[in-house]
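Below is one structure, written out as structure tokens; comments come after it.
Nothing here was measured: the structure is a model prediction, and the numbers come from that model.
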Amino acid sequence: ARIIAAARRNIEWALTQQTASGWFRTNGFTAEQVPFTHTIAYAIRGILECGVLLDEARYVEAALKAARGLAAQQRADGFLAGTYGDGWVPHASYCCVTGVSQSALNWLRFDQHAGSGEFAVAADRALDYLKKNHRITGTGTPEARDISSIMLRSLRSSGSIVLPDTGSPPNMAATTRPPWDNSAIF
């Protein structure tokens with residue numbers, strides 16, 4: 001009961017930060033920072049899931065208002081700006097691919113919850129954008145190495161894996177950390 005009450009207090013506070021456009025103030029990594037699409041998507045998802053779990057339609061509606069506002073900013077190719085200010089005004093010319101990915105998941109979750117297809121086109125555009133633009137190897141520079149080699153070097157230097165230096169990707173089963181733990185990389 002205490003955890004649910006705390007969750008409600010937090011969501012109620014977050015809703016005081018929502019503007020008429022559906023955007024949330026103080027949603028950046030600092031209070032003064034314009035929020036990244038990444039943090040916007042986190043807020044939308046948290047409020048949506050609390051609304052669903054607590055059977056609180058007002059929370060779902062607040063999240064939906066934000067999701068619609070963000071979806072309205074999406075370009076035809078699926079691009080979303082890296083940051084947005086109030087009124088969904090883009091403040092960055094770059095794309096935050098994490099935020100695009102999270103937004104696609106949010107839009108699919110809204111459609112799943114509502115049993116509708118309102119966000120199907122936006123989700124498809126976002127996923128198409130990610131498939132075309134998300135680099136899965138290297139850093140994009142001429143001296144870039146395959147990401148598996150970068151991971152291997154990092155895992156070796158952290159002591160998480162001890163393998164001969166073959167330049168091959170590591171056998172993740174041989175690591176002491178689960179394969180999804182990337183703390184050694186960052």
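By the side chain to side chain donor-acceptor pair (under 3.5 Å) test, E49 is found to be paired with R45, R109, residues two or more places apart in sequence or in another chain being considered. By the side chain to side chain donor-acceptor pair (under 3.5 Å) test, S21 pairs with T19, D86, sequence neighbours left out. Partners of R68 according to the salt bridge (Lys or Arg N to Asp or Glu O under 4.0 Å) rule, which considers only residues two or more places apart in sequence or in another chain, are E118. Applying the side chain to side chain donor-acceptor pair (under 3.5 Å) rule to D77 yields the partners R75; only residues at least two apart in sequence or on another chain are considered.
Residues I4, I11, L15, F24, I47, L54 make up the rest of the hydrophobic cluster containing Y59, defined by ILVMFWY side-chain heavy atoms closer than 4.5 Å, directly or through other members.
For residues 27-41, the set of pairs meeting the salt bridge (Lys or Arg N to Asp or Glu O under 4.0 Å) definition, not counting sequence neighbours, is empty.
At a threshold of 4.5 Å between non-hydrogen side-chain atoms, the residues C95 and V100 count as touching.
T39 contributes atom OG1, which lies 9.5 Å from atom CD1 of I44 (distance to the nearest 0.5 angstrom). Rounding to the nearest 0.5 angstrom, the gap separating the NE2 atom in H38 from the OG1 atom in T98 is 6.0 Å.
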Next item on the list: Could you walk me through whether E12 and R58 pass side chain to side chain contact (heavy atoms under 4.5 Å, CB included), step by step?
Entry: CA-CA 10 Å; E12 291 296 333; R58 195 166 50 90; 2.3 Å; yes

Check: Are F110 and S116 close enough, and set up right, to give a side chain to side chain contact (heavy atoms under 4.5 Å, CB included), and what steps lead you there?
Finding: CA-CA 8 Å; F110 274 108; S116 73; over 6 Å; no

Checklist line | Evaluation steps, side chain to side chain contact (heavy atoms under 4.5 Å, CB included), between I40 and N27 | finding: CA-CA 7 Å; I40 293 167; N27 193 28; 3.7 Å; yes

Notebook entry, point to check: Would Y84 and Q73 satisfy side chain to side chain contact (heavy atoms under 4.5 Å, CB included), going step by step from the backbone distance to the final call?
Noted result: CA-CA 10 Å; Y84 286 96; Q73 300 310 309; 3.7 Å; yes

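Criterion: ILVMFWY side-chain heavy atoms under 4.5 Å apart, direct or through other members. Under it, F79 and L105 are not part of a common hydrophobic cluster. Cluster membership for L80 and V34, using ILVMFWY side-chain heavy atoms within less than 4.5 angstrom, is not shared. Under a hydrophobic clustering in which Ile, Leu, Val, Met, Phe, Trp and Tyr are joined whenever their side-chain heavy atoms come within less than 4.5 Å, directly or via other members, F119 and L127 fall into the same cluster.
Under a 3.5 Å cut-off, the side chain of S103 and the backbone N or O of G99 do form a donor-acceptor pair. In terms of modelled atom types and a separation under 3.5 Å, the side chain of T37 and the main chain of G82 share a donor-acceptor contact.
Taking the centre of each ring, F29 and F36 come in below the 6.0 Å mark.
Residues K131 and D128 are paired through a salt bridge, judged by an N-O separation under 4.0 Å between the basic side chain and the carboxylate.
Taking both residues in full, the closest heavy atoms of A126 and Q74 are given as N-NE2, 3.4 Å, listed atom of the first, atom of the second, then distance. Nearest approach of Q17 to T26, heavy atoms of both residues: OE1-OG1, 3.0 Å. The minimum heavy-atom distance linking A104 with A123 is given by the pair O-CB, 4.0 Å. What you find for G87 and W23 is that their closest heavy atoms are N-CB, 4.4 Å. Of all heavy-atom pairs between Q18 and A62, the closest is NE2-O, 2.9 Å.
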